[in-house]
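Only one structure is covered here, and it is reproduced in the block below.
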Amino acid sequence: MGSAEERVVAVIMVGGPTKGTRFRPLSLNIPKPLFPLAGQPMVHHPISACKRIPNLAQIYLVGFYEEREFALYVSSISNELKVPVRYLKEDKPHGSAGGLYNFRDLIMEDSPSHIFLLNCDVCCSFPLPEMLEAHISYGAMGTLLVIKVSAESASQFGELIADPSTKELLHYTEKPETFVSDLINCGVYIFTPEIFSAIRNVSTQRKDRANLKRVSSFEALQPATRNLPTDFMRLDQDILSPLAGKRQLYTYETMDFWEQIKTPGMSLKCSGLYLAQFRSTSPHLLASGDGTKGATIVGDVYIHPSAKVHPTAKIGPNVSISANARVGAGARLMNCIILDDVEIKENAVVTHSIVGWKSSIGKWSRAQATLSLCGSILMQVKL
């Protein structure tokens with residue numbers, strides 16, 4: 001898979017408070033990357049996947065949240081995984097390619113031969129070792145993780161065309177108005193350090209065009225145009241599209257699950273996908289019980305060690321219960337996320353819901369989303 005000298009680093013883009021607005025109100029109290037899915041912070045899942053990469057030297061989290069918001073988590077996860085994790089704060093949003101380029105000197109400190117780039121709000125099995133092996137065999141600058149979706153949903157993502165034999169990326173377009181392909185970009189990449197030269201070339205060309213406009217067009221001198229940032233670069237439109245078909249980018253198709261975590265409703269679905277994955281990756285995190293000595297557990301369930309669940313409660317499937325939560329006698333929980341310090345009182349029913357921090361669901365109460373809003377309800381109440 002690669003010699004021992006070939007060191008690898010991983011960069012995870014976590015965004016900032018001006019991003020992830022569709023995830024509100026959940027992201028008003030906590031940075032979106034730290035919201036719990038399957039009992040673990042959202043960013044924990046790609047970080048844990050990076051741990052499986054051979055010769056991993058460092059993991060960087062890049063975003064524009066305040067450093068204090070990530071300090072405790074970064075310290076904790078570094079100790080837990082025994083891999084250095086570091087948060088790098090952008091002074092302003094630079095885009096996915098611009099953010100990577102902005103910290104190129106730090107990223108190259110370990111002289112890596114390969115650089116993984118992941119988006120935090122992607123939910124998948126992250127087949128990173130397999131992807132690395134394929135990337136090395138291609139011998140190109142970059143490899144994209146891709147997946148086939150329905151033709152109806154493909155236009156919501158970056159669509160691409162790849163050579164069926166060689167897997168070379170031939171064409172890439174972001175959210176096209178007309179159907180191009182049912183093969184889409186998963187937001188997980190691996191590059192050689194040559195990616196920095198490619199980004200620099202795009203940046204130089206953009207600055208040259210901006211300078212040309214300034215000397216040739218009165219309109220370009222107006223504030224609205226002059227203030228457009230030349231250092232804001234998107235990986236998909238600005239880098240991938242121009243390089244497609246030039247034997248520099250290839251694809252690796254996953255046959256496993258993949259979702260984007262954009263809304264509260266999607267967090268419920270993705271929490272369930274990660275809970276199901278725990279069966280093979282982290283079975284010790286899944287609760288069990290048949291009602292004899294503890295609560296009856298149905299399907300995949302995570303219960304934080306500090307949570308208190310009454311032995312007569314019935315929990316699952318797809319339930320995540322966070323720290324210091326209390327679940328009373330006879331309560332029934334299905335397909336829900338229970339956040340910190342929540343109290344579910346006797347005989348209450350919670351289904352297809354997210355119960356917000358320090359909320360209370362009263363005796364015999366029922367919190368349930370309608371079918372049209374399935375998984376999208378947010379409870380921050382005292383019933």
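What you see below is based on every heavy atom in this structure, not just the backbone, and it leaves out hydrogens, waters and symmetry mates.
- For Phe157 and Trp258, the distance between ring centers is under 6.0 angstrom.
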Exercise. What's the verdict on side chain to side chain contact (heavy atoms under 4.5 Å, CB included) for Val319 and Asn335, showing C-alpha distance, side-chain angles and the deciding distance?
Worked result: CA-CA 5 Å; Val319 173; Asn335 191 35; over 6 Å; no
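- Checking side-chain atoms of Glu168 against main-chain N and O of Arg247 turns up a donor-acceptor pair under 3.5 Å.
- At least one donor-acceptor pair closer than 3.5 Å links the side chain of Lys32 to the backbone N or O of Ile261.
- Classified by interplanar angle (parallel below 30°, tilted 30° to 60°, perpendicular above 60°), the ring pair Phe70/Tyr65 is tilted.
- Rounding to the nearest 0.5 Å gives a distance of 9.0 Å between NE2 of His135 and CZ of Phe191.
- Environment of CZ in Arg52: crowded, with over 12 heavy atoms of neighbouring residues, nucleotides or ligands closer than 6.0 Å.
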For this session: Output, in order, the C-alpha distance, side-chain angles, deciding distance and verdict of side chain to side chain contact (heavy atoms under 4.5 Å, CB included) for Val9 and Leu56.
Result: CA-CA 6 Å; Val9 298; Leu56 179 68; 5.5 Å; no
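- Side-chain N/O atoms of Glu194 and Thr192 include a donor and acceptor closer than 3.5 Å.
- Although no hydrogens or angles enter the test, the distance criterion places a donor-acceptor pair under 3.5 Å between the side chain of Ser153 and the main chain of Ser150.
- Distance alone, capped at 3.5 Å, is enough to place a donor-acceptor pair between the Arg332 side chain and the Lys314 backbone.
- Remark: the Ser78 side chain and the Ser75 side chain contain no N/O donor-acceptor pair separated by less than 3.5 Å.
- Of the charged side-chain nitrogens involved, none lies within less than 4.0 Å of a carboxylate oxygen, so that Asp340 and Lys358 do not count as a salt-bridged pair.
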Exercise. Side chain to side chain contact (heavy atoms under 4.5 Å, CB included) between Leu160 and Leu169: does it pass, once the steps are laid out?
Worked result: CA-CA 7 Å; Leu160 55 95; Leu169 179 68; 3.6 Å; yes
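- Judged purely by distance below 3.5 Å, without hydrogens or angles, the side chains of Glu174 and Tyr172 pair a donor atom with an acceptor atom.
- Between His304 and Tyr302, the ring-plane angle classifies as perpendicular under the 30° and 60° cut-offs.
- Residue Leu28 qualifies as enclosed at atom CG: its count of foreign heavy atoms under 6.0 Å is above 12.
- Counting all heavy atoms, side chain and backbone alike, Ile338 lies closest to Leu333 at CG1-CD2, 3.8 Å.
- When each of Val350, Ile321, Leu268 is paired with Ile337, the side-chain contact (heavy atoms from CB on, under 4.5 Å) condition holds for Leu268 and for no other.
- At least one donor-acceptor pair under 3.5 Å links the side chain of Ser181 to the backbone N or O of Leu183.
- Glu67 and Lys89 are not joined by a salt bridge, as no carboxylate oxygen comes within less than 4.0 angstrom of a charged side-chain nitrogen.
- Below 30°, between 30° and 60°, or above 60°: for His45 and Tyr274 the angle between ring planes is below 30°, a parallel geometry.
- Ring-plane geometry between Phe196 and Tyr101 is classed as tilted, the angle between the planes lying from 30 to 60 degrees on a 0 to 90 degree scale.
- A donor-acceptor pair is defined here as one N or O able to donate and one able to accept, closer than 3.5 Å; such a pair exists between the side chain of Asn119 and the backbone of Gly187.
- The pair Arg7-Asp110 meets the salt-bridge criterion, since a charged nitrogen lies less than 4.0 angstrom from a carboxylate oxygen.
- Evaluation of the salt bridge (charged side-chain N to carboxylate O under 4.0 Å, His left out) rule for Lys269 yields Glu259 as partners, not counting sequence neighbours.
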Exercise. Which is it for Leu118 and Val11 under the side chain to side chain contact (heavy atoms under 4.5 Å, CB included) test, yes or no, and what are the steps along the way?
Worked result: CA-CA 6 Å; Leu118 300 84; Val11 179; over 6 Å; no
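- Taking the ring centroids of Phe23 and Phe35, they lie under the 6.0 Å cut-off.
- Ile303 and Leu286 sit in two unconnected hydrophobic clusters of ILVMFWY residues. Membership requires side-chain heavy atoms under 4.5 Å apart, directly or through other members.
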